[in-house]
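Below is one structure; the comments refer to it alone.
Because the structure is predicted, anything quoted here is derived from the model rather than measured. By convention in this document, chain letters (A, B, ...) are assigned in the order of the sequence lines, proteins followed by strands, and residues within each chain are numbered from 1.
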2 protein chains.
Amino acid sequence: MGLRERKKRRTREALITAAMGLFRSQGYEQTTVAQIAAAAEVSVRTFFLHFPAKEDLVMAEVSERVALGVRVFEQPLPGEHLTDLLLRAVNQMITHTGDTDLVSGVAYSRVQLIVSVPDLQARMLRRLAEAQALIADALRRAYPEALDPIAAAAVVGSVVGAVTAAAAVSVSREDPPERVVAAMRRAAGLAVGDFRALIGQ
Amino acid sequence: MGLRERKKRRTREALITAAMGLFRSQGYEQTTVAQIAAAAEVSVRTFFLHFPAKEDLVMAEVSERVALGVRVFEQPLPGEHLTDLLLRAVNQMITHTGDTDLVSGVAYSRVQLIVSVPDLQARMLRRLAEAQALIADALRRAYPEALDPIAAAAVVGSVVGAVTAAAAVSVSREDPPERVVAAMRRAAGLAVGDFRALIGQ
DNA sequence: CTGAATCACTACATTGACTGCATTAATACA
DNA sequence: TGTATTAATGCAGTCAATGTAGTGATTCAG
């Protein structure tokens with residue numbers, strides 16, 4: 001990696017660090033892009049060279065993680081049932097996210113920030129919707145005879161919706177990371193299985 | 001209803017009408033609030049007196065409809081199983097939305113606008129998330145022994161996620177209204193039931 | 001090793017969404 | 001009629017985001 005690229009990455013990191021610090025001490029909305037740029041010792045224009053919008057700074061690495069998760073759907077085990085593939089993929093994504101992100105406090109506070117700021121929530125949900133579409137496509141390619149586009153979207157939407165909602169409740173309740181992970185796993189199981197099991201009979 | 005209130009409603013309607021016309025002819029992002037205000041013959045300041053943000057003009061009546069749907073969850077039929085209540089509520093909301101909104105072309109084009117503009121998508125998803133939380137609460141009150149907050153969130157998230165994803169696919173495909181409604185119904189059934197049925201055995 | 005091309009970064013100007021504040025004029029109401 | 005509301009306005013200002021033109025440090029070709 002060349003010197004130029006290393007420098008670029010350094011200013012990017014500086015922006016993220018400066019911003020998260022300011023967000024923590026002042027709140028997200030009370031922090032202006034100008035303040036972030038000043039704290040990172042770059043011009044405002046440079047900020048927008050690295051991030052298309054203020055909101056995207058917080059999402060920074062979310063996209064990469066999602067892209068990583070999508071790959072699981074591309075390779076079902078031979079003869080693997082749809083529900084098993086779904087659970088396997090979701091569990092892998094949850095485990096990975098749980099290990100890397102939530103345990104290290106850095107990313108946990110980032111998630112709390114997202115859950116508590118409406119603007120960030122909205123951006124996050126949009127990203128999730130994009131990811132869903134990708135996953136639905138991959139799933140449909142994996143089971144071409146069984147799933148039409150609607151069914152694929154419904155199945156993926158169901159699981160992602162359940163996991164997201166459960167995670168949101170758990171995080172906004174300030175549960176510790178392990179509990180959040182547990183809630184997500186449970187939600188995935190519920191979505192894939194049958195609600196009927198919930199109430200006796 | 002007094003004269004004052006009627007006048008207020010009239011300028012509100014004028015703003016919506018003017019805006020939708022401009023959006024149709026110029027696109028959402030290319031239309032400025034100043035243009036909308038001018039077309040409705042009010043000041044820009046008045047626009048923001050009626051809508052907290054440009055995006056909210058498009059969502060106008062969505063909230064009312066959601067509030068209406070939430071009420072179904074407050075009153076389960078005696079002895080009604082969770083899954084039946086869910087299907088009944090979702091079907092009622094879908095039917096109502098389908099009849100009132102989608103069939104009259106006005107609201108259908110509104111939905112297409114939302115699906116096609118990222119900013120509006122995001123706002124819509126946020127509203128849905130808020131509604132989900134309300135519904136989850138109502139559901140938990142209806143089945144206090146069976147559902148903890150996480151399970152309630154997961155169940156509701158699963159159904160709403162499935163229906164939303166299916167609707168998004170159908171609408172962006174430019175399916176006619178009846179097909180969109182059918183896709184939503186099918187998604188609800190899939191989410192409530194068991195995916196296992198999808199692939200033979 | 002040198003000149004040209006590339007690219008991160010900057011300064012400046014501008015647009016457009018949104019807010020606070022003070023004011024006006026039309027309704028409501030006593 | 002006189003007084004209180006309140007929808008609507010004008011204006012000044014903040015902030016996010018974009019276009020343009022330019023500078024200087026790296027990269028690379030010959």
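In this entry the distance linking CG of B/L49 with P of C/dA22 reads 17 Å, nearest Å. Computed from coordinates, the A/E41 CD to C/dT10 P distance equals 10 Å when rounded to whole Å. Atoms CZ (A/R10) and C1' (C/dC9) sit 14 Å apart, rounded to a whole Å. Protein atom CD of B/Q30 is 14 Å distant from nucleotide atom C1' of C/dT15, rounded to whole Å. What separates CZ of B/R12 from C1' of D/dA8 is a distance of 16 Å, to the nearest Å. Computed from coordinates, the B/D56 CG to C/dA17 C1' distance equals 13 Å when rounded to whole Å. Atom OH in A/Y28 sits about 14 Å away from atom P in D/dC15, given to the nearest Å. As rounded to whole Å, 8 Å separates atom P of C/dG16 from atom CD of B/Q35.
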Name the pairs: protein N/O against N/O of nucleotides 28-30 of chain D, kept only if under 3.5 Å.
none

Nucleotides 16-19 of chain D: which of its N/O atoms have a protein N/O under 3.5 Å away?
residue : atom : partner : partner atom : Å
D/dA16  : OP1  : A/V33   : N            : 3.4
D/dA16  : OP2  : A/V33   : N            : 3.2
D/dA17  : OP2  : A/K54   : N            : 2.9
D/dG19  : N7   : A/R45   : NH2          : 2.9
D/dG19  : O6   : A/R45   : NE           : 2.6

Name the atoms and distances for all side-chain donor-acceptor pairs under 3.5 Å in residues 179-189 of chain B, with sequence neighbours left out.
residue : atom : partner : partner atom : Å
B/R185  : NH1  : B/N91   : OD1          : 3.2
B/R185  : NH1  : B/T95   : OG1          : 3.4
B/R186  : NH1  : A/D148  : OD2          : 3.0
B/R186  : NH2  : A/D148  : OD1          : 2.8

Please tabulate, for the side chains in residues 83-90 of chain A, all donor-acceptor contacts under 3.5 angstrom to protein atoms that are two or more places apart in sequence or on a different chain.
residue : atom : partner : partner atom : Å
A/T83   : OG1  : A/H81   : ND1          : 3.0
A/T83   : OG1  : B/R196  : NH1          : 3.2
A/R88   : NE   : A/E80   : OE2          : 2.8
A/R88   : NH2  : A/Q75   : O            : 3.4
A/R88   : NH2  : A/E80   : OE1          : 3.1

Please tabulate, for the side chains in residues 3-19 of chain A, all donor-acceptor contacts under 3.5 angstrom to protein atoms that are two or more places apart in sequence or on a different chain.
residue : atom : partner : partner atom : Å
A/T11   : OG1  : A/K8    : O            : 2.9
A/T11   : OG1  : A/H50   : NE2          : 3.1
A/T17   : OG1  : A/E13   : O            : 2.8

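Applying the ring-ring contact (aromatic ring centres under 6.0 Å, His included) test to residues at least two apart or on different chains, the pairs with a partner in residues 6-41 of chain A are A/F23-A/Y28.
Heavy atoms from other residues, nucleotides or ligands lying under 6.0 Å from CD of B/E130 number more than 12.
A heavy-atom distance below 4.5 Å is not found between the side chains of A/R24 and A/L113.
Contacts of B/Q121 classified as side chain to side chain donor-acceptor pair (under 3.5 Å), with partners at least two apart in sequence or in another chain: none. Partners of B/E74 by side chain to side chain donor-acceptor pair (under 3.5 Å), not counting sequence neighbours, listed by chain and number: B/R141. Every residue two or more places apart in sequence or in another chain that forms a salt bridge (Lys or Arg N to Asp or Glu O under 4.0 Å) with A/D175 is listed here: A/R173. Applying the ring pair (Phe, Tyr, Trp, His ring centres under 6.0 Å) rule to A/F47 yields the partners A/F51; only residues at least two apart in sequence or on another chain are considered. Judged as a side chain to side chain donor-acceptor pair (under 3.5 Å), and not counting sequence neighbours, B/S116 has no contacts.
Between C/dT10 and A/T46, a contact under 4.0 Å exists linking OP1 or OP2 to a side-chain N or O. The shortest distance between the side-chain N/O atoms of B/H50 and the OP1/OP2 oxygens of D/dA8 is below 4.0 Å. Between B/T11 and D/dA8 there is a side-chain N or O to OP1 or OP2 distance below 4.0 Å.
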Practice problem: Using a 4.0 Å heavy-atom cut-off, write out nucleotides 25-30 of chain C from 5' to 3' as B (base contacted by protein), S (sugar-phosphate only) or - (no contact). | Solution: -BBS--

